[in-house]
Each structure stands twice: as C-alpha cells, then as structure tokens.
Number of protein chains: 2
Amino acid sequence: MNVRTICLAILQLGDSTGYEIRKCVADGLFSHFVDASYGSIYPALNKLEAEGLLDAHIEEQDGKPNRRVYSINDTGRAAFGEMLSGPIGDDTFKSPFLLLATYAQYLSREQISAAIDAQVKFLINELDLIDTAEAELPLAACNWVAEFGRNAMQSQLEYIYENRAALEEIAGTSSLTNKPQIPAIDAAE
Amino acid sequence: MNVRTICLAILQLGDSTGYEIRKCVADGLFSHFVDASYGSIYPALNKLEAEGLLDAHIEEQDGKPNRRVYSINDTGRAAFGEMLSGPIGDDTFKSPFLLLATYAQYLSREQISAAIDAQVKFLINELDLIDTAEAELPLAACNWVAEFGRNAMQSQLEYIYENRAALEEIAGTSSLTNKPQIPAIDAAE
DNA sequence: TAGGCCATGTAACCGGTTACATGATTAG
DNA sequence: CTAATCATGTAACCGGTTACATGGCCTA
C-alpha cells in the first residue's frame, strides 16, 4: 500500500488536490491504510500525471492560492483496478503501547497509569475519527469498514478498562539493573 | 520504536545474537513492535556496542559459524530505561485488507471472498503466534499483553464471521469506469 | 501582530529493505 | 541432491519524512 495507490483510490471518489489528499490521509479514514505527507504526495501526483493515469487542470481562486485539481482517467482507473486485484500486503499493527506494557515491571506505577490513560484517549479519538470519516465517504462498503474499526477499537478499550488494575500492580516490581531479583540483603538482616 | 530500542529490549531479557534477535522480531511477540531485518539489526548492534551500551564476545561452535553474543550493560540498561520513559509514538494499524473492503463494490465477489479467506487465515496465524511467543517471554506482564492481542484478533475474527455475507453482497455492484452507476440502456430496452 | 489556514513544491536526510556474498551442516 | 538452517555482514536502493521557501488571507 504505497502513496500511488492511495492517490488513485481517493481520486476514484472524485477530483481532488494534493492538499486535500494529504488531509484525507492524515486524519480521514485513509489514515488506516498508509502514511503520507506532502513530500510524498505531490511528487506521486506529478508522476502519475506524467504517466498518463491522471489529468490535471488549474483552478483559479481569488484570495487563495490556485488549486491544481487532479482527475483520474480511464488509464488510471484500469491501473487502480489492477492494484486492487494484485497481491496486497498483510495488515500491520505496531504498538509502542504494548512494548511499554510488556516491560511494565521495570516502570513506575505512575508511568504505566499515564501510558494507559494516554492510550484510552488515543482510542476514543480514533472512534471519533471513524464517525466523521464514515459520513464523508460515498462508498457502499464504507459502513462495513467503519463498523469493523469501531468493533476493533471498542474491544481494545474494554480490555483495558477491565484489566488495567492488573497491569498497574505489575508496575515497579523489578529494577532494570538487577535482572534476577535477589531479595535485598538489608531486608534479610 | 526503532531497531535500537528493540535490540536493547530483547537483550534486557538475556544475552543474544543478531541472528536470534531477527527471528524474535520476525515471528515472535516483538513483531508487533517494529519491523527489522538483518540489514538494520547488525548495524544497530555494532553501533550500540561502539557507543558502549552493549558488550560483545565471540562464542565458538563446532560445525556451526561462530556466534557474536551481545550483552546489555549498565549504560545500556539506563539508556533503555530512558527510552521507555521518553515520549513513545502512537499505535499504528495499517490495513490493506480494509482498503480492499472499502472498494468492495468495484471488485468481484470471488476477489472479496478470497481476500476474506486470506484475512481469516492471517488472523488465526497471528493467534498461534501469540501462544508460542507468550510461553517464551520471561516477563510478568507478558500474559497481560498476550491476552490483549488474543482479544484484539478474536474480536476481528468474530466481526468477519458475522458480517462477511454483507460485504460479499456489495461486491461487484459497480464498475470502476462508470462511477455514477447509470442503469444500462440495453437493460432498459 | 502573531499564528493558523490555504496551497504547492523541493532538497536533504533517514530508517529501513533487498539482494548478495560466504560457507559449513543437517534434514528430506 | 536439494533445500533449509545457522550465522554475519555490506552496498545499493527506496519510500518515505522533515524542514524549508513562498505568500496572501483570516482570526484571536
């Protein structure tokens, strides 16, 4: 799932500019498909146009900079169709939060609690994001996908609510420098 | 969450080699924290050793190539502690499967069914992976994290089982080339 | 009047992957 | 006899990000 594919996917839904595509990828539903910033989107659009998959025209605005509006053409639609038919990669889930949780015994209770709170906020924010994105996408399956996302986020939230105490109790039980935790001699005396 | 951090994290659990660390990251529990291959792990270990965060010694074996065994030292443990305390990134979930699902109306029913089957296999495989990885990690919170993962995978699986029919019915209802689906004139005659 | 939004674009960088080189041993 | 596993490493590449340049309008 590279920037090229996502540009075609978004333009399949209607004409758009580099600026709008970036917004879409940064905080729309498409944020769950790829990462992309200006530095990758603008060159990708230029290249796609040069290859003949996109058409472009300048739209003049007063008071605002001109917009370079791209449209997908038949060649582009065919290419997009092939990309969807070809092999797609596996889903990836990378979680710094779970790394922190894994090493909870070496962290203070405060640190773990703060990390959990941050994660809860993050998940709730993701849920909001799904709601707004769902309303915008003119695709039949968009409700199905949004529901998939809500289901995933909510089940994570529930797990955290029900089990956070257990993790907080593990926090601070070991020290990084003494991996095999030998009872302190001071305490034994 | 870069390769450096993951190397320190793994070495915190015991001495290891570049080869073993890669296995760990490729198909262990750590696969959910970062991506890393030989080309990034070996240079990272060299650099960490040069910076004084790791110690290394050669372990000779007969019949097999020598192993370069790394151990984390006090400097390394301190650095790892700081990394865990510092700001960590947000979780990321990138799903080519959901992109495909989003555009289901443009794909054939066979394609969608195949993608769903592949996704189910993928999720079941992830569940197996969690079980094996859980048994290996000598950390108090490892059960908590494994259970988090199982919960996440299972809820995705359940959603797919219960709703796959709905997605399969959306498949093939539009053509990429005719975005506004006007009823065919042939059919009307 | 400072900062944010609109809007496009580029150059330097960076963190990774891919593919290769090397070579012995073991399992199918 | 082939393929995989063990084991280390490098060079070329690549797909992205970061930071910057530019500049007018609008809001606090």
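Keep in mind the model is a prediction, meaning the values are calculated, not measured. Both backbone and side-chain heavy atoms feed into the values below; hydrogens, waters and symmetry mates do not. By convention in this document, chain letters (A, B, ...) are assigned in the order of the sequence lines, proteins followed by strands, and residues within each chain are numbered from 1.
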- Query: Does a donor on one side chain and an acceptor on the other come within less than 3.5 Å for B:S113 and B:E168?
  - Reply: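 A donor-acceptor contact under 3.5 Å links the two side chains.
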Under the side chain to side chain contact (heavy atoms under 4.5 Å, CB included) test, which residues partner [X], sequence neighbours left out?
X      : result
B:R22  : B:A26, B:Y38, B:I41
B:E126 : B:H32, B:F122, B:L129, B:M153
A:S108 : A:E110, A:Q111
B:T75  : B:L53, B:N73

- Item | Residue pairs fulfilling ring-ring contact (aromatic ring centres under 6.0 Å, His included) with at least one residue in residues 84-103 of chain A, sequence neighbours excluded |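 Every ring-ring contact (aromatic ring centres under 6.0 Å, His included) pair that includes a residue of residues 84-103 of chain A, provided the two are not neighbours, is A:Y103-B:F80.
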- Output every pair passing ring-ring contact (aromatic ring centres under 6.0 Å, His included) with a member in residues 57-79 of chain B, not counting sequence neighbours, ordered by first then second residue.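 Those involving residues 57-79 of chain B do not exist here.
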- Query: What are the 5'-most and 3'-most nucleotides of DNA chain D lying under 4.0 Å from any heavy atom of chain A?
  - Reply: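 Both ends considered, the range comes out as D:dG16 to D:dC25.
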- Query: To the nearest Å, how far apart are B:K64 NZ and C:dT22 C1'?
  - Reply: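 From B:K64 NZ to C:dT22 C1': 18 Å.
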- Sequence neighbours excluded - salt bridge (charged side-chain N to carboxylate O under 4.0 Å, His left out) pairs with any residue from residues 83-109 of chain A: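 Sorted result for residues 83-109 of chain A: A:K94-B:D35.
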Could you list the donor-acceptor pairs under 3.5 angstrom formed between side-chain atoms of residues 136-149 of chain A and any protein atom two or more places apart in sequence or on another chain?
{"unit_1": "A:N143", "atom_1": "ND2", "unit_2": "A:E134", "atom_2": "OE2", "d": "2.6"}
{"unit_1": "A:W144", "atom_1": "NE1", "unit_2": "B:N163", "atom_2": "O", "d": "2.8"}
{"unit_1": "A:E147", "atom_1": "OE1", "unit_2": "A:R150", "atom_2": "NE", "d": "3.4"}
{"unit_1": "A:E147", "atom_1": "OE1", "unit_2": "A:R150", "atom_2": "NH2", "d": "3.1"}

- Given that B:P65 and B:Y70 both sit by DNA chain D, which one's nearest nucleotide is further toward the 5' end?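 By nearest-heavy-atom nucleotide position, the 5'-most residue is B:P65.
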- Message: Is A:Q61 close enough to C:dA7 that one of its side-chain N or O atoms is under 4.0 Å from OP1 or OP2 there?
- Response: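 Answer yes for this pair, as a side-chain N or O of A:Q61 is under 4.0 Å from OP1 or OP2.
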- Just jot down the side chain to side chain donor-acceptor pair (under 3.5 Å) partners of B:E51, sequence neighbours excluded, or say none.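 Partners of B:E51 by the side chain to side chain donor-acceptor pair (under 3.5 Å) criterion, ordered by chain and then number, come out as B:R4.
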- Using the C1' atoms of five pairs at each end, what's the angle between the two axes of the helix from C:dT1-D:dA28 to C:dG28-D:dC1, to 10 degrees?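 Axis-to-axis angle, ends of the helix: 50°.
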- Message: Contact list please: residues 38-51 of chain A against DNA chain D, heavy atoms, distance less than 4.0 Å, in numerical order.
- Response: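 Output list: A:G39, A:S40.
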